[in-house]
Amino acid sequence: MKWTKMLIQTLRETPADAEIDSHKLLVRAGLVRKVAGGLYSYMPLGMRSLKKIQQIVREEMDRAGAQEIVMPILQPAELWKTTGRWDAMGPNMFKLRDRSEREAALGPTAEEEVTDFIKGIVSSYRQLPVTVYQIQWKFRDETRPRFGLMRSKEFLMKDAYSFDVDADAADKSYWNMYHAYERIYERCGLKAVPVQADGGDMGDSLTHEFHVLADAGEDGIAWCPKCGYAANLEAAEKRFEPCAAEPCTEPLAEAPTPAKTIEDMVKFFGVGPEKMAKTLVYLADGKPVMFCVRGDRELNEVKAKRLVCAKTFALADFSTVREVTGAPIGYAGPVKPKIDVPIYADLELEGASGMLTGANLDGEIDYKNVDFARDCKIAKYADITIAQAGDKCAHCDGTLEIKRGIEVGQVFKLGTKYSKAFNAVYKNDALEEKVMIMGCYGVGVSRTLQAIIEQSHDKDGIVWPASVAPFQVVIDLLDPQEAEVAQVASDLEAALEAAGIDTLVDDREERPGVKFKDADLIGFPVRVVVGAKGLKSGGVEIKRRDEDKTKTRIVAPEAALDAIRQALGQSKS
RNA sequence: CGGAGCGUAGCGCAGUCUGGUAGCGCGUUUGCUUCGGGAGCAAAAGGCCGCGGGUUCAAAUCCCGCCGCUCCGACCA
């Protein structure tokens, strides 16, 4: 392919609305163009990479025995109402009506749709197991689209769904997909780590997220370098040391405190935040509950929500807090709230004594010398805090680190939530009706495109892994007006294409510097320079994008094909 | 949804406070000279100054309303 025949537009200046490197490069290298907030058009170069990622996903899904289908993006509301998610998804889902007022949604995912689909086809255990997948555009009305393709309103996702006869078979399907995902990311040249995640509303279901570790990532991940334990911060476990405190000999005492926040209290009392406990009031299914954690900790809302088995869960408003505690905001505590509500405390506080807490009294008053065992009525001690760097690993004697990650995929055991709702059943060999066991598996294809760039770039531009680069080779034709030189480039192009190596010839009437800069910016894995000067002095010049500028090889045009093959082989995946 | 900021040429920005001829850099077009890491000179094209209303002799500039975008936060099966 010739550069001058292609719609390529690189930008010298970085777009004003891009924050992270991968977003800047996506736009600067001419891969995508913004249409509106969270909406992007793919330019030809971007489309080529996107298609290559799709193809890798497709091949690995097929290899794992999944079957490709495609279902409508526009999904009737009835499907979503069957599971109650029409309301549960809330404003995150794009909803619309057709001309006869039928309600529909632009699919953010397709569990309902696929369950209904399979239910209409499968009726016997002989047809199971089955896993289907589609690569389809998905829609989410994001509260705040950002970072380019990372969090957009419309994105390309591969979603697969498995249907099995029982839990053991479902397990097999799950790990089958898990391993397919490992292959997908490896072939994309991505280091993606599987991390344990929270099952969300699905309760204690097994689920792994695949994350690309990057500072620009939106998710926090707890990671133990010693045993390799990795978990989403929402789900991360940590080991608790027994609380060493002696029972408190001092009596509970009031302490007037003109300081509401932990930070201010540290200044006022001159005591560390680990000797304080903060108490938060939440509404769980509309009923107030209190959570008590150490001053240097943050409540993990996911863990807390699960602990109280709540459907709706949110921080209580100020008036509720006053009502429950009887105290001004900032003076809630675990000792005798005005209204008797369940109080849950973090495991770290079990046996804690000599603590400072809010007093639940009508005034800016705290208690000192609080002994949890003596002074508080705690419903249950449980792990309800967010893991922090320095916490002990729950699985070995290592110490947890906190990393940032970009979630590029997730595998999820769904159980029977959807199959029950749709009555998706099969008959076993005893003619009994059984509910199918499901799993769902997503790969964010467009997000993966950007994650690759985020993980693989330098100051000059993108450094594409060969498997997903828009073109594997760029030929910088320095003298396009000289027929003999141009012929060498065209011959080489034809030879490469015949060998199955996609090649772009930069045949523009531009100065060499411009071509080199653009080649580096777009990031083709191998660059071949064909120029009059070079040909006279020995041949064409070959250089990998991922090696130093000075490391070039001059080879005769006849030897170029082999040398390029070799360079591609050495280039990152 | 709360807080902050920004909408001026394809892109990046100045001009707005203090009303008076629409500007700069990059990119684009043409010519000449250059030619191995984003060249130089010359000429040119390209604007509903986000939209609507108001004030004024006169509005990119002041006032009101709306829309859009970006950042921080909240939110994120």
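Predicted model, so just to flag it, every value in this text is computed and none were measured. Quick note on labels: first sequence line is chain A, next is B, and so on, each numbered from 1.
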Legend entry - Whole-Å gap separating C1' (B:A77) and CD (A:E112): 9 Å

Inset, instruction - Name the closest nucleotide to the A:D518 side chain, picking from B:C75, B:G36, B:G38. - result: B:G38

Inset, instruction - Would you kindly give the CD-to-P distance between A:E509 and B:U30, to the nearest whole Å? - result: 12 Å

Inset, instruction - Measure from the side chain of A:D520, starting at C-beta and using heavy atoms only, and say which of B:G38, B:A77, B:G37 lies closest. - result: B:G37

Legend entry - Spacing between A:L478 atom CG and B:G38 atom P, to the nearest angstrom: 13 Å

Inset, instruction - Would you indicate which nucleotide in B:C71, B:G36, B:C76 comes nearest to any side-chain atom of A:R140? - result: B:C76

Inset, instruction - Classify the side chain of A:R146 and the base of B:C71 as holding, or not holding, a donor-acceptor pair under 3.5 Å. - result: no

Inset, instruction - Would you classify A:K34 as touching base, sugar-phosphate or nothing, given that sugar-phosphate means primed atoms plus P, OP1 and OP2, and contacts are heavy atoms under 4.0 Å? - result: sugar-phosphate

Inset, instruction - Please state the C1' separation for the pair B:G15 and B:C6 - nearest whole angstrom. - result: 15 Å

Inset, instruction - In whole angstrom, give me the gap between the P atoms of B:A42 and B:G25. - result: 11 Å

Inset, instruction - I would like to know whether A:N300 and A:I384 meet side-chain contact (heavy atoms from CB on, under 4.5 Å); could you show each step before the answer? - result: CA-CA 5 Å; A:N300 183 329; A:I384 52 170; 5.7 Å; no

Legend entry - Base-pairing assignment for B:U16 (Watson-Crick or G-U wobble, both under 3.5 Å): none

Inset, instruction - Could you tell me how the ring of A:F291 sits relative to the ring of A:Y344: parallel (under 30°), tilted (30 to 60°) or perpendicular (over 60°)? - result: parallel

Legend entry - Rounded distance in Å between the C1' positions of B:C49 and B:G19: 14 Å

Inset, instruction - Take the angle between the ring planes of A:Y40 and A:H23 and call it parallel below 30°, perpendicular above 60°, tilted in between. - result: perpendicular

Legend entry - Donor-acceptor pair (no angle test) under 3.5 Å: A:R508 side chain, B:G38 base: no

Inset, instruction - Could you tell me the separation between the CG atom of A:L106 and the C1' atom of B:A77, rounded to a whole number of Å? - result: 17 Å

Legend entry - B:G27 OP1/OP2 closer than 4.0 Å to side-chain N/O of A:R12: yes

Inset, instruction - With heavy atoms under 4.0 Å as the rule, sort A:K549 into base, sugar-phosphate or nothing. - result: base

Inset, instruction - Using the C1' atom as the reference point in each nucleotide, state the distance between B:U21 and B:G7 in Å, no decimals. - result: 24 Å

Legend entry - Minimum side-chain heavy-atom gap A:L26-A:Y42 below 4.5 Å: no

Legend entry - B:C66 and B:A4, which share atom name P, separated by this distance in whole Å: 16 Å

Inset, instruction - Answer with base, sugar-phosphate or nothing: what part of the nucleic acid does A:E19 contact at a heavy-atom distance below 4.0 Å? - result: sugar-phosphate

Inset, instruction - Would you kindly give the CG-to-C1' distance between A:D506 and B:G37, to the nearest whole Å? - result: 13 Å

Legend entry - Spacing between A:E510 atom CD and B:C26 atom C1', to the nearest angstrom: 13 Å

Legend entry - Rounded interatomic separation in angstrom, taking CD from A:E111 and P from B:A77: 12 Å

Inset, instruction - Would you mind reading off the distance between A:R151 atom CZ and B:U70 atom C1', rounded to a whole angstrom? - result: 17 Å

Legend entry - Proximal nucleotide (of B:G25, B:C75, B:C76) relative to the A:E13 side chain: B:G25

Inset, instruction - Check every atom of B:A39, B:U70, B:G37 against the side chain of A:D17 and return the nucleotide holding the closest atom. - result: B:U70

Inset, instruction - Look at the rings of A:F524 and A:F471 and say which category their plane angle falls in: under 30° parallel, 30 to 60° tilted, over 60° perpendicular. - result: tilted

Inset, instruction - Could you check which of B:C35, B:A77, B:G36 has an atom nearest any side-chain atom of A:R85? - result: B:A77

Inset, instruction - Between B:C69 and B:G12, how far apart are the P atoms? Round to whole Å, please. - result: 15 Å

Inset, instruction - Select from A:E142 and A:G534 the residue whose nearest nucleotide in RNA chain B is closer to the 5' end of that strand. - result: A:G534

Inset, instruction - Could you work out the separation of B:G5 and B:U16 based on their C1' atoms and round it to a whole Å? - result: 15 Å

Inset, instruction - Report yes or no: do A:R85 and A:Y418 form a side-chain donor-acceptor pair below 3.5 Å? - result: yes

